[in-house]
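Step one of this worksheet: look at the structure below.
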2 protein chains.
Amino acid sequence: MKLTKSLEQAICIMTLLATQDKEIPVTSAVINHRLNGSPTYIKKLMRKLVVKNLVTSVSGNNGGFTLVDSPKKISILQIIEAVEGNISTYPNSGLIDIVFQDMQVAANQGEIVLANVFDEADALWTNFLATQTVADLLYKTLGRNEILVLNWNELDEHQSLLQKILPTK
Amino acid sequence: MKLTKSLEQAICIMTLLATQDKEIPVTSAVINHRLNGSPTYIKKLMRKLVVKNLVTSVSGNNGGFTLVDSPKKISILQIIEAVEGNISTYPNSGLIDIVFQDMQVAANQGEIVLANVFDEADALWTNFLATQTVADLLYKTLGRNEILVLNWNELDEHQSLLQKILPTK
DNA sequence: GGGGCAATACTCGGATATTAATTGTCCGAGTTCTGCAGG
DNA sequence: CCTGCAGAACTCGGACAATTAATATCCGAGTATTGCCCC
């Protein structure tokens with residue numbers, strides 16, 4: 001049982017936006033270049049984050065994406081749910097009830113019991129991830145309790161400049 | 001994020017075997033008939049349970065499948081791992097490190113932090129499901145603290161007899 | 001009557017097809033800024 | 001100047017194609033019972 005690759009990308013995007021000067025939206029071109037994935041697909045991904053109100057999009061010239069909230073207020077769970085939808089691991093189709101159908105038991109009883117067990121397990125998982133914020137990730141990774149802010153648009157320009165220069169030599 | 005349909009089937013099979021007289025193996029034909037799925041696919045599923053030593057298979061005439069252990073000793077987690085393999089939800093491809101590659105941070109640090117967070121969440125999930133046994137499911141569903149035992153092979157014969165008789169009328 | 005020997009009723013395991021989910025592409029929009037041309 | 005207009009630089013959103021994972025089928029085995037035939 002794996003989450004999708006999209007989720008990994010979404011987390012990257014969120015941490016990236018978290019270290020971005022809030023006044024300057026990051027263009028999707030910059031995100032694409034960083035993540036090195038399919039540009040059009042990443043746009044779709046971005047849309048999911050926008051719809052779930054985790055990032056805002058600014059269209060037009062100098063447009064792009066910005067975090068809605070402080071990284072301290074964005075949990076990993078929110079990102080997961082934006083990308084994957086609600087988490088419910090048990091693929092319930094009621095199949096279990098056919099096992100019990102000959103034992104005098106209320107219909108759906110097996111289904112209910114099973115669904116509850118998995119819901120409980122899922123709740124443990126989601127509750128924990130709800131406590132983990134994007135800021136926590138940055139703190140732990142950078143080893144300090146502050147988030148440094150930079151402008152990815154410029155950072156990326158350098159990179160692409162380099163890549164434009166190198167091949168010509 | 002869903003587990004596969006196979007898992008639902010596997011759980012049904014395990015509860016079914018749990019209510020079967022241990023002396024009499026259940027044939028896969030009976031299991032197929034009950035689950036109403038693809039017979040050949042269910043055989044493959046059964047194999048996974050056999051390989052993980054949750055059920056034993058007896059070949060030859062009057063052969064079939066039997067639980068290895070008491071339902072009290074079989075956890076839901078064991079069934080899940082037999083069918084889905086080890087649970088690790090984060091689709092780690094190290095992508096996160098590209099975000100941090102320009103900030104002076106040990107390589108892989110982001111990857112490690114993220115993987116740990118998800119591992120911790122997964123552990124909560126799996127630890128809980130490790131405490132839930134097949135016997136628990138039966139108790140909760142049947143509403144009593146004993147597992148009634150029957151012979152599904154015979155039960156199923158009746159059914160198929162009925163189905164053979166009915167169409168002729 | 002009992003020892004072999006087929007027939008029967010099962011599981012085993014891999015190669016291969018089908019179907020569903022995920023990922024990726026395309027195209028034609030809409031929106032905001034910038035710069036420039038004409039009054 | 002300053003007003004308006006065209007173009008550039010972005011996002012939006014849906015329809016469609018390709019890729020990968022899950023499900024299902026097929027086929028040729030192997031193995032233990034059953035029952036019957038022959039000595």
Side-chain angles (χ1 to χ4, degrees), chain A residues 1-10 12-13 17 23-33 35-66 68 80 83-85 89 91 93 95 152-153 156-157 160, chain B residues 1-10 13 17 23-33 35-66 68 80 82-85 89 91 93 95 152-153 156-157 160:
Chain A
M1 180 180 57
K2 281 252 183 290
L3 295 157
T4 61
K5 204 170 131 192
S6 299
L7 174 73
E8 192 181 14
Q9 297 179 318
C12 290
I13 291 165
L17 291 179
E23 301 306 312
I24 313 170
V26 181
T27 67
S28 69
V30 169
I31 295 172
N32 295 332
H33 180 230
L35 295 213
N36 195 32
S38 128
T40 50
Y41 189 58
I42 287 174
K43 279 182 188 172
K44 295 183 91 170
L45 229 189
M46 292 311 299
R47 200 82 246 296
K48 288 184 180 176
L49 298 175
V50 170
V51 167
K52 280 286 177 170
N53 206 36
L54 296 180
V55 311
T56 39
S57 67
V58 180
S59 58
N61 201 348
N62 295 325
F65 301 92
T66 318
V68 168
I80 295 172
V83 174
E84 313 264 343
T89 53
S93 73
L95 189 65
W152 287 92
N153 294 336
D156 211 58
E157 263 173 38
S160 45
Chain B
M1 180 180 59
K2 280 254 185 290
L3 294 158
T4 61
K5 204 169 128 194
S6 299
L7 174 71
E8 193 182 13
Q9 297 179 318
I13 291 166
L17 292 180
E23 301 306 311
I24 311 169
V26 181
T27 68
S28 68
V30 169
I31 295 173
N32 295 332
H33 181 232
L35 295 212
N36 195 30
S38 128
T40 49
Y41 190 58
I42 287 175
K43 278 182 187 174
K44 296 184 92 167
L45 229 189
M46 293 309 300
R47 201 78 243 297
K48 288 183 181 176
L49 298 176
V50 170
V51 167
K52 282 284 179 171
N53 206 35
L54 296 180
V55 312
T56 38
S57 68
V58 179
S59 58
N61 201 347
N62 294 327
F65 301 92
T66 320
V68 168
I80 295 171
V83 174
E84 312 264 342
T89 52
S93 73
L95 189 65
W152 287 91
N153 293 338
D156 210 59
E157 262 172 41
S160 45

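Below, chains carry the letters A, B, ... as their sequence lines are ordered, and counting in each starts from 1.
- Counting only heavy atoms from C-beta on, B:Phe65 has its side chain closest to C:dT11 among C:dT11, C:dT25, C:dA15.
- Within the 4.0 angstrom heavy-atom criterion, base atoms lie near B:Lys43.
- Between B:His33 atom NE2 and C:dC10 atom P the separation is 15 Å, expressed in whole Å.
- Candidate nucleotides D:dT25, C:dT34, C:dT23 were compared by shortest atom distance to the side chain of A:Lys5, and C:dT23 ranks first.
- At distances below 3.5 Å, not a single donor-acceptor pair connects side-chain atoms of B:Glu84 with backbone N or O atoms of B:Leu3.
- Comparing A:Lys44 and A:Gly64 against DNA chain D, the residue whose closest nucleotide sits nearer the 5' end is A:Gly64.
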Please determine whether side chain to side chain contact (heavy atoms under 4.5 Å, CB included) holds for the pair A:Ile31 and A:Trp152, giving the CA-CA distance in whole Å, both sets of side-chain angles, and the decisive distance to 0.1 Å. CA-CA 9 Å; A:Ile31 295 172; A:Trp152 287 92; over 6 Å; no

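- Taking 4.0 angstrom as the limit, A:Ser6 places a side-chain polar atom (N or O) nearer than this to OP1 or OP2 of C:dT23.
- Between B:Thr4 and D:dT23 there is a side-chain N or O to OP1 or OP2 distance below 4.0 Å.
- Of the listed nucleotides (D:dT25, D:dG30, D:dT11), D:dT25 has the atom at the smallest distance from the side chain of B:Pro39.
- Ranked by how close their nearest DNA chain C nucleotide is to the 5' end, A:Tyr41 and A:Val58 are led by A:Tyr41.
- Residue contacts shown for A:Gly37 are absent, as no nucleic acid heavy atom lies under 4.0 Å away.
- Among the protein residues, A:Thr40 comes within range of the nucleic acid bases, having at least one heavy atom under 4.0 Å from a base atom.
- For A:Asn61, the listed nucleotide lying nearest its side chain is D:dA8; candidates were D:dA8, D:dT11, D:dT25.
- Between the A:Asn153 side chain and the A:Pro25 main chain, a donor and an acceptor come within less than 3.5 Å of each other.
- Between A:Ser57 and D:dT11 there is no side-chain N or O to OP1 or OP2 distance below 4.0 Å.
- In this structure, B:Gln9 contributes its side chain and B:Leu35 its backbone to no donor-acceptor pair below 3.5 Å.
- Out of D:dT33, D:dC10, C:dC12, the shortest distance to the side chain of A:Ser59 is found at D:dC10.
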